[in-house]
Undergrad: 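Below you will find the structure I want to go over with you.
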Amino acid sequence: MARSISVKVPTALLIAQIEERIAQIEKDVEEYPAKREAYEKATEAYNKEVAEFMADFVVKNHKKIRTGHDAETLRLQAYGNQITLTFYADAIPDFPVRPEAPESPNQKESFGREYVSRKSLLEKNLRILKMTSQEEVNASTYGAIMEII
């Protein structure tokens, strides 16, 4: 049977880690608009690259077009006046890679029963830790806060 470990963590160390994480979140919030703008530009370039790649690929591989579900790279479907050409990007070598969208740094998340931003939850815990006169907190408190960080 496993034994539990009882350790104490200095409160000042935990406060410093929380303050450091809050500062990082604030920095990420400031940088987010520039990252988002760069992502939008990269997406426009990606869309153009995909369109050019697909046009060239269809011209070179028009004999591979299939109409059934057995299509490996290209599938053609017709519904009345609507014609759909499906590309299976995983099966096409050198298919352009989609840019990754930057994650919003301070969006609301679920923490137990609360739906709050990570920064506001850290600030709440920081206020409580600064009010305490205890020099150490137990490991379970430290672990709970580290999950938020």
Undergrad: After noting the C-alpha distance and the side-chain angles of K8 and V137, does the key distance pass the side chain to side chain contact (heavy atoms under 4.5 Å, CB included) rule?
TA: CA-CA 6 Å; K8 299 284 185 176; V137 294; over 6 Å; no
Undergrad: Please confirm whether the backbone N or O of V116 pairs with a side-chain atom of S120, one donor and one acceptor, at under 3.5 Å?
TA: no
Undergrad: Any chance you could measure I149, atom CD1, to R118, atom CZ, to the nearest 0.5 Å?
TA: 9.5 Å
Undergrad: Is the shortest side-chain N to carboxylate O distance from K130 to E19 below 4.0 Å?
TA: yes
Undergrad: Once rounded to the nearest 0.5 Å, what's the spacing between atom CG of D56 and atom CE of M54?
TA: 12.0 Å
Undergrad: Which value, rounded to the nearest 0.5 Å, describes the distance between Y115 atom OH and E109 atom CD?
TA: 8.5 Å
Undergrad: Using a strict 4.0 Å threshold on nitrogen-to-oxygen distance, state whether E37 and K41 make a salt bridge.
TA: yes
Undergrad: Determine, using the 4.5 Å side-chain heavy-atom cutoff (strictly less than), whether Y142 and I128 are members of one ILVMFWY cluster.
TA: no
Undergrad: Hey, could you give me the CG/CD1 distance between L126 and I18, rounded to the nearest 0.5 Å?
TA: 5.5 Å
Undergrad: Give, for atom CD1 of I92 and atom CG of L74, the distance between the pair rounded to the nearest 0.5 Å.
TA: 5.5 Å
Undergrad: For the residue pair Y32 and P102, what are the closest heavy atoms and their distance?
TA: CE1-O, 3.8 Å
Undergrad: So that I can tick it off, tell me whether R127 and E123 are bridged by a salt bridge, with the cut-off set at under 4.0 angstrom between side-chain N and carboxylate O.
TA: no
Undergrad: Side-chain contact test, heavy atoms from C-beta onward, threshold under 4.5 Å: evaluate it for V58 versus F87 and give yes or no.
TA: yes
Undergrad: Testing the basics here: between A101 and R36, what is the closest heavy-atom pair and its distance to 0.1 Å?
TA: CB-NH1, 4.1 Å
Undergrad: Do you know which two heavy atoms are closest between A89 and F95, and how far apart they sit?
TA: CB-CD2, 3.6 Å
Undergrad: Does a side-chain heavy-atom distance below 4.5 Å link R21 with L122?
TA: yes
Undergrad: Tell me the closest heavy-atom pair linking N106 and S117, and the distance in Å.
TA: OD1-CB, 3.3 Å
Undergrad: Taking a hydrophobic cluster as the set of Ile, Leu, Val, Met, Phe, Trp and Tyr residues connected by side-chain heavy atoms closer than 4.5 Å, whether directly or through intermediates, do I83 and F57 fall within one such cluster?
TA: yes
Undergrad: Can you tell me if E103 has over 12 outside heavy atoms packed within less than 6.0 Å of its CD?
TA: no
Undergrad: Please determine whether the number of non-hydrogen atoms from other residues, nucleotides or ligands lying under 6.0 Å from atom CD of E20 exceeds 12.
TA: no
Undergrad: Would you say M146 and I22 are hydrophobically clustered, going by side-chain heavy atoms of ILVMFWY under 4.5 Å?
TA: yes
Undergrad: Which pair of heavy atoms, one from L129 and one from T11, lies closest together, and at what distance?
TA: O-CG2, 4.0 Å
Undergrad: Hey, quick one: are Y46 and Y39 part of the same hydrophobic cluster, counting side-chain heavy atoms closer than 4.5 Å, chains of contacts allowed?
TA: no
Undergrad: So how far is it from E114 CD to L121 CG, rounded to the nearest 0.5 Å?
TA: 6.0 Å
